[in-house]
Amino acid sequence: MTSANQDRWAQWILQRRDAGDPGVRAHGASLLAAYRDGVLDRAAVAAGDVLLDVGTGNGLLGFAALDRVGPGGQVIFSDISTDLLDECRLRAAAGGLLDRSRFVHASADDLRGVQDQSVDIVTTRSVLIYVERKQAAFAEFFRVLRPSGRLSIFEPINSFGVTEAGPILFGLDMTPIADLAAKLRRAYESVPQAENPMLNFDERDLLRWARGAGFASVELDYRAEVEVPYPLPTTDWEVLKKTAPNPLAPTYEEALAQMLTDQERHRFEHHVRAVLAAGTLAHNTLATTFLRAIRP
């Protein structure tokens, strides 16, 4: 459930990332499942493990991990959003999982609610992109892990695509309305790249931070795509424009109202509707990485 009183993290995860549309949500769920399984498989989760899921969100990794740690294990759901922790707690209660679940309100770079060397596994998925003090986060991951504990994370490398040439939006060519696409994009570029935690790092930094924190046996799996065609999750502009690319960003509808005049917005939306109606494939340019490491 969502409400206007929930924090921006909960509102995005529960509503704004897919506009509440079942089709878009199902499309996203299939992608997220692959990331979830990639993280948990690399973590080598075993029965009886204690797993800390940092930035748990709505429990994508945490609830799947409960199946893997079994009756003798435990999952610690950690997040900076009390609203999302409440959602996870309700879901755990409904599934009879509270006895194997713990909930900690904490940021990735300050896990003071978790004791030193108290967990077997730390996982994260798309969390460090929102953390300014990433080296401090790795230090916290190291601190809470027992000797031989495993760290397994997934992160998008958003800096890979920021230099993409041309008037591209939603992965679609916006050349006929390049002037409007450029104005709209400014709503999402208010912070310089060097100061934006979502953009100011790459996979080499993740390796450096892991090694700097003391981790060993560091493995990184990197995947890059350049202009790979893919179908959008919906061709309904009324749905698509109500989505937001991340919790800190406006929806496209909000950005249009902020950046364009009524006349410009009409021209922009007329073009996008025509492109979507034609079934034009979008093109992905992105990079992602899985990182696994061991606390000696």
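Residue indices begin at 1 and follow the sequence shown.
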- Query: Mind checking whether Asp83 and Glu87 have side chains closer than 4.5 Å, heavy atoms only?
  - Reply: no

- Side chains of Leu85 and His105: does their closest heavy-atom pair fall under 4.5 Å? yes

Examine [X] and [Y] and state if one hydrophobic cluster contains both, with Ile, Leu, Val, Met, Phe, Trp and Tyr joined whenever side-chain heavy atoms are less than 4.5 Å apart.
| X | Y | answer |
| --- | --- | --- |
| Leu128 | Leu248 | yes |
| Ile153 | Phe290 | no |
| Ile76 | Leu60 | no |
| Leu180 | Tyr188 | yes |
| Leu206 | Ile121 | no |

- Query: What is the distance from atom CG of Leu291 to atom CG of Leu220, rounded to the nearest 0.5 Å?
  - Reply: 5.0 Å

- Task: Drop me the distance from Phe201's CZ to Ile129's CD1, to the nearest 0.5 angstrom.
- Result: 6.5 Å

- Test ring-ring contact (aromatic ring centres under 6.0 Å, His included) on Phe141 and Phe215 and set out the steps. CA-CA 10 Å; Phe141 301 160; Phe215 284 101; 7.6 Å; no

- Could you go step by step and tell me if Asn158 and Asn196 meet the side chain to side chain contact (heavy atoms under 4.5 Å, CB included) rule? CA-CA 11 Å; Asn158 291 336; Asn196 188 335; over 6 Å; no

Whether [Y] and [X] form a salt bridge (side-chain N of Lys/Arg under 4.0 Å from carboxylate O of Asp/Glu) is what I want to check.
| X | Y | value |
| --- | --- | --- |
| Arg143 | Glu140 | yes |
| Glu253 | Arg265 | no |
| Arg16 | Glu254 | yes |
| Glu219 | Arg42 | no |

Plane angle bin for [Y] and [X] - parallel if under 30°, tilted between 30 and 60°, otherwise perpendicular:
| X | Y | answer |
| --- | --- | --- |
| Phe154 | Tyr35 | parallel |
| Phe77 | Phe63 | tilted |
| Tyr130 | Trp9 | perpendicular |

What are the two closest non-hydrogen atoms of [X] and [Y], and how far apart are they?
| X | Y | result |
| --- | --- | --- |
| Leu66 | Ser101 | CD1-OG, 3.7 Å |
| Tyr252 | Leu184 | O-CD1, 4.5 Å |
| Ser152 | Val39 | OG-O, 2.7 Å |
| Ser217 | Ile294 | CB-CG1, 3.9 Å |

Regarding [X] and [Y], is there a side-chain donor-to-acceptor distance under 3.5 Å anywhere?
| X | Y | result |
| --- | --- | --- |
| Asp173 | Thr175 | yes |
| Asp202 | Ser159 | no |
| Asp109 | Ser107 | yes |

- Item | Val54/Val122 under side chain to side chain contact (heavy atoms under 4.5 Å, CB included): CA gap, chis, key distance, verdict | CA-CA 7 Å; Val54 178; Val122 171; 4.0 Å; yes

- Message: Against Asp41, only a single residue in Arg68, Arg36, Arg150 fulfils salt bridge (charged side-chain N to carboxylate O under 4.0 Å, His left out); can you say which?
- Response: Arg68

- Item | Thr56 and Leu84: CA distance, side-chain angles, deciding distance, side chain to side chain contact (heavy atoms under 4.5 Å, CB included) verdict | CA-CA 8 Å; Thr56 194; Leu84 287 170; 5.9 Å; no

- Is there a side chain to side chain contact (heavy atoms under 4.5 Å, CB included) between Glu238 and Arg273 once you walk through the steps? CA-CA 9 Å; Glu238 295 305 313; Arg273 285 193 180 95; 2.6 Å; yes

